[in-house]
Every structure is written in structure tokens, then in C-alpha cells.
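Here is how names work: the chains are called A, B, and so on, in the same order as the sequence lines, proteins then strands, and each is numbered from 1.
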Protein chains: 2
Amino acid sequence: MGERKEKAAQTEAALKDAARRQFAERGYLNTKITDITAAAGRAAGTFYQHFASKEDLLQALLADMHGQAGSAFDGDDRPVHDLTDPTQLREHLAVAWGVMRDNRPVMIALFESALADGPGSGALWNRLTADTSMLRAHLEYLRERGQALPGEPALIAAAMGAMLSMLAYALLPVTSVSTGDSGSGYTDMQILDTVSSLLLHGLAGPAGSEPCGAGQSVP
Amino acid sequence: MGERKEKAAQTEAALKDAARRQFAERGYLNTKITDITAAAGRAAGTFYQHFASKEDLLQALLADMHGQAGSAFDGDDRPVHDLTDPTQLREHLAVAWGVMRDNRPVMIALFESALADGPGSGALWNRLTADTSMLRAHLEYLRERGQALPGEPALIAAAMGAMLSMLAYALLPVTSVSTGDSGSGYTDMQILDTVSSLLLHGLAGPAGSEPCGAGQSVP
DNA sequence: GTCTATATACAGATAGAC
DNA sequence: GTCTATCTGTATATAGAC
């Protein structure tokens, strides 16, 4: 590889890295091109030698993510999970949460980008359905297997994705310190426990919590 | 009331009305001041005789909303709902959904505004907790009553709010036609049924769907 | 390939005429 | 009170020197 190309690769990596940091800190929409170049220690004009726009840069980051850490997505999976099984549901949510945590800058950027297109564009709905396609497949499997579900698999999947991604956006801390506690005082485990439990048995809780078949136990 | 003041009031109302339409169509972030004034049939400069900024206008819309339709929020409520009761949960969600539908422009604007502040600001988390304070109160009541809950009331409430508000943003149609079917082919009823059911009994469904107390029924 | 300097575009906000 | 015209600030993107 020529020296010029090597330097270019270094710069490109520095820009991407700076972008990730800026997105995580200030958000995608608030981050200006000059914020990225400044954080990368490069001149403003240099940016356009590597990316056509901020949107283009985001696509590059997305490609990187799918390239390397895609393992977490595909590697784990059996063809289908039984999401009514506590362990499997919890595991599935934990993987999703981990992916969001490990790629927080990109998640933030995609979220903000979709939202900036406005509600009429349907961009957010598209993102939601795309990100929950795997979930939908598992639910469709359950349905074919005869499991009674609360509704359309696609809609349930979207609802679950909405809950998870918005909580991730709101709760995942800026600094990905290894401890795993979030900005608002909730730990990852606490969040996952709550969401898993809520999605598994709802507010009413598991069947065993009240005497079986009892309509109402008066104090 | 003087004639000038009357004209001013008319203009102000026209601006607010145009803003609501624009927010619903293009989203809050994409709407420029000139979009509003143009839609209202007024000159650009006129805007600043009535509002200091777009943010200020949003606050005015919010105040209007709390003023008139606040009835839907306060009027209905007994001190607490038992959210583990199917009817009461469904009713609570239906009211929330209706408020979001009836005030879609403001909801959209608040959502986008909070998101534009970036993830570090905590604006979205604040919005989420504020909008679900009533829900949280109901959950705390249940907890004190001895009900087993999936986790912290505040966290559960936020999770529910996240699901509902994001679905509303993504699914509520641009044109608030009276029929009540959403842009992506789901009806309001379908969405409410699904969400209610999911939040009440989770993916596993009500206790009665499987033989009571059966760990696993092998085919 | 990277830098400095600058051109372009546009949204926010103001000033003065009517 | 409203309008037209304009000023200001800022972000994107390009041009030419090194």
C-alpha cells in the first residue's frame, strides 16, 4: 500500500472515530462537520476527501458495524427462539441491548436521522420494522405453532422494538464505562429484568402470583 | 376589544393553526418559520410580533392544549386505576392514545424537540418520566397494595410510555380522518388491542391459555 | 493528502415603510 | 399590525496553495 493511501486510511479512521464520539456526546443532528474534523484533529475541508456528506459518513459507520460486530447478530441464532420461554426471551433482549450499547453512536445517529425526516416519511416505521424483522420471524413461528399472541407479529415486534430502542436512547450513558450502570441510576441488569418480565408476563405478572384461577383475592 | 387587537388575535390563531398543520406534515424540525407564515398567508416578519421563536410557539401550543383538552387528562381520573384489570388498563391506554391522536402536532413537536437536544441532555428521559407520572402513580399504588410488579414503577411507566409514544409517532396518520385507520394499515383498535394485551399478560398470554400450573405441555 | 481561505445557501431575526 | 427588504449568523461545500 502506498504511503499516501496509508495516510488517507489513517485520516478516514480518525474521522470515523471522532464522529462516533461526537454522535454519542452531542447527538447526530447537533454534530456539525467541523465538530468532527476538529475532534479528529484535521482541517474542515479534509472531510470531503473521504465522505460526500454526514449522511454518507453514517452509512460508512453502519457498514463497519455490520461488517465486524455483525457476529453478535447472526452467530448466536438458532433458526428461531421460543420467546415465551423466560430464558430465551431474556437472552434475546440481552443480545439486542448489548448490540445497541456497543454501537451506541450509530444507533443514536440512525434514530435521529430517521426522525429528522419527519413523521410523514415513514422513515421511523421502516427503521422499526427493519430492526425487528428477526423478532417478527420468531413471533410468526410461535403463531404457526399455535401459540396465542397479543396481536400481529409485525406489530408486536415493532412495539417491543420501540420500547427497547427508546429506552436505550434515553438511558444508555454517554461514557461506555465497563461498570454498566446507566445515566439515570438504572443498571443494565435492572432494565433488562424489568423489560423481560414486562414483555413476558405483563403487568399482571406470572400466573402463579395469585392463587390459580382466583378472580380476586379480597384482603 | 380594539380592532387592532382583534386582527392580531386572528393572525396569531392563523399562525398557530398553520404551525400545527406543518408540524403534522413535515415534522417540527423540518418546519421553517417561513413555512408557517406562508401556510398562514402572512408575511415572514409578522411571526415575531407574536412569538419570539419556534420554541416559544411550541410552548404556546402546549399551553393551549393543557388549557382546553386537559379535561381528558384530569376529568376522567379516579385517584388510581388498577392497571392489572384488563378493562381499566385498556381504558387508560385508550385515553392516552386518544390524547396523542388529538394533539398529534404538539406530540410530534415535543418529541422531535426533545430528541434534537441530543442524548446527553436527558431531555427525552425527562419527557418520558413527565408524561408517565400518572402511570407511575398507579403502579406505585399497586405495589403498595402488594401486587408483584416487573420492576421499578418509574421504569415500567417509562417503558410503557416509550412504546406508546413511539408507536404513535410512527403509526398515527397525517390526516386525522375520522375513520381511525393508521397509515401503515393498522387500525387504532388493532393497535390498542395489541398493546393492551401485551402489557397486561405479555407474550406468554393469560394464565388460562395453558393448563394451569403446567410447566410445559409436550405435544 | 491535507491545509487555509472562501464561496454558496439558507434560516433566524430585525428595520422601516405602509 | 402587517408587509417588504435586509442584515446576521452559521453550516455546507469548494478552490487553490503547500
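The CD-C1' distance, from B/Glu12 to D/dG1, rounds to 12 Å in whole Å. Distance CG (A/Leu15) to C1' (C/dG1): 12 Å, rounded to an integer number of Å. With rounding to whole Å, A/Phe51 atom CZ is found 13 Å from C/dG1 atom P. A/Asp56 has its CG atom 14 Å from the C1' atom of D/dT12, to the nearest Å. The nearest whole Å value for the distance from the CG atom in A/Leu29 to the C1' atom in D/dA11 is 14 Å.
A/Thr129 places none of its side-chain heavy atoms less than 4.5 Å from the side chain of A/Arg136.
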- Query: Step by step, would you call A/Leu139 with B/Leu203 a side-chain contact (heavy atoms from CB on, under 4.5 Å)?
  - Reply: CA-CA 9 Å; A/Leu139 291 171; B/Leu203 294 170; 4.0 Å; yes

- Summary of protein contacts for nucleotides 3-18 of chain C, nucleotide by nucleotide, where a base hit scores B, a sugar-phosphate-only hit scores S (4.0 Å, heavy atoms): BB------SSBB----

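Between A/Tyr186 and B/Trp125, the ring planes lie perpendicular to each other; the angle is over 60°, past the 30° to 60° tilted range. Note: B/His92 and B/His81 have perpendicular aromatic rings, judged against thresholds of 30 and 60 degrees for the angle between ring planes.
A/His50 has a side-chain polar atom (N or O) that falls below the 4.0 Å cut-off from OP1 or OP2 of C/dT2.
Among residues at least two apart or in separate chains, there is no side-chain hydrogen bond (donor to acceptor under 3.5 Å, both in side chains) pair with a member in residues 152-166 of chain B.
At least one donor-acceptor pair closer than 3.5 Å links the side chain of A/Asp35 to the backbone N or O of A/Lys32.
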